[in-house]
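Everything on this sheet refers to the single structure shown next.
Everything numeric in this text was worked out from a predicted model, so none of it was measured. Letters go in sequence order (proteins before strands), and every chain restarts at 1. Computed over heavy atoms, backbone and side chain alike; hydrogens, waters and symmetry mates excluded.
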Protein chains: 2
Amino acid sequence: MNENFLDELDLRLLDALQHDASQANHRLAERCGVSPATALRRVRRLQSLGIVERQVALLQPDKLALALGHGLTALVEISLDQQGDEHLAAFERLAVAEAVVQQCYRVSPGPDFVLVLAVTDMPAYLALAQRLFTQHANVRNVRAFFSVKRAKFLPAQPLPRPWAERDA
Amino acid sequence: MNENFLDELDLRLLDALQHDASQANHRLAERCGVSPATALRRVRRLQSLGIVERQVALLQPDKLALALGHGLTALVEISLDQQGDEHLAAFERLAVAEAVVQQCYRVSPGPDFVLVLAVTDMPAYLALAQRLFTQHANVRNVRAFFSVKRAKFLPAQPLPRPWAERDA
DNA sequence: GCTGAAATCACACATTA
DNA sequence: TAATGTGTGATTTCAGC
């Protein structure tokens, strides 16, 4: 099979896994209508192709906050002063290296970057801002919002689902 | 133990799991310096407390794009017309129900919501916009950016790591 | 798709603080 | 008393056929 071709089974597996990767292989196989061995082979192929990057546990921030004190999620738009490709890459390197930067998007139009930060508290945000959002890092303008409530967080790519209508 | 108290072992387990949940329990136990049985018991407790919400596979969008055609990630700021609590809740319900809405944050100051959308293409974005970003949904203003590059995506909460210095 | 070897998990019990 | 660690049987996973 072509190394970059995904058939319907691959899509079913990916869709199942990106919503719930804790299920045992035989259950996954059952849901996708193939034998456990086939499911396993396909999943391993998807992993070796790098399409399945890794498997993580999602924590519920609200519950964590109960035990640790409230964390803080910030959404930040960054506009750079000089916007050549090398300047964009330079800022990106700085941003990506910061542990509190959860997500980093290079965007257009509008600002140059949008970051999602997860910090423990406001002092931690300030510390990052002073490190990253400065003239020194070539930053011209910053617009930051703080999350009052994370109503949805579902790190799943939308996939075509040719089987959806048929199975319904 | 207090049902909401997290000791250092819990934090180590959570930190390990939210970066890599694919490892076998005995390896996890080893990394955290406890017996497999203890690690398993703790993990199950964290799950039953709802702190570990679920386990998912993260897919690499670039690799997917090779096989499926390029997906589109949009970051959208929404300001509502009427901003009472019931109006905010109403829009939130609509947004969360949409499959292409990956993330939904209620924010302050600035706009009322920030959404992260993952759609297959521009027509799909348009379809959503016409459904969700309308007067009918009480939306006054929309500012949308499109992601040119997702440089980082790491859905992990920052945790205090009292062991980090000690182990270094 | 099936089967045997290997690994994993669940549970009972001894141990420690 | 409450949490940890060890050991054994049952289940599941994995690789070769």
Open item on the list: With a 4.0 Å cut-off on N to O distance, would you call B:E8 and B:R42 a salt bridge?
Closed with: no
Task: Residues in contact with DNA chain C, drawn from residues 23-40 of chain B - heavy-atom cutoff 4.0 Å - done: B:A24, B:N25, B:H26, B:L40
- [ ] Please list, chain by chain and in numerical order, all residues satisfying salt bridge (Lys or Arg N to Asp or Glu O under 4.0 Å) with B:R54, sequence neighbours excluded.
- [x] none
TODO: Kindly check if the number of other-residue, nucleotide or ligand heavy atoms within 6.0 Å of CZ (A:R150) is above 12?
DONE: yes
Task: Rounded distance in Å - CZ (B:R45) to C1' (D:dT4) - done: 14 Å
Task: Pairing residues for B:E53 by the salt bridge (Lys or Arg N to Asp or Glu O under 4.0 Å) criterion, not counting sequence neighbours - done: none
- [ ] State which residues pass salt bridge (Lys or Arg N to Asp or Glu O under 4.0 Å) with A:D81; sequence neighbours excluded, sorted by chain then number.
- [x] A:R140
Task: Short side-chain N/O contact from B:R42 to OP1 or OP2 of D:dT4, under 4.0 Å - done: yes
TODO: Would you mind reading off the distance between B:L46 atom CG and D:dA3 atom P, rounded to a whole angstrom?
DONE: 13 Å
Open item on the list: If the condition is salt bridge (Lys or Arg N to Asp or Glu O under 4.0 Å), which residues does A:R131 pass it with, not counting sequence neighbours?
Closed with: A:E98
Open item on the list: Determine whether the aromatic ring centres of residues B:F91 and B:F113 are separated by less than 6.0 angstrom.
Closed with: yes
Check the interface with nucleotides 13-17 of chain C: list each N/O to N/O pair with the protein under 3.5 Å, or write none.
none

TODO: Using only heavy-atom distances, determine whether the side chains of A:Q55 and B:D20 contain a donor-acceptor pair under 3.5 Å.
DONE: no
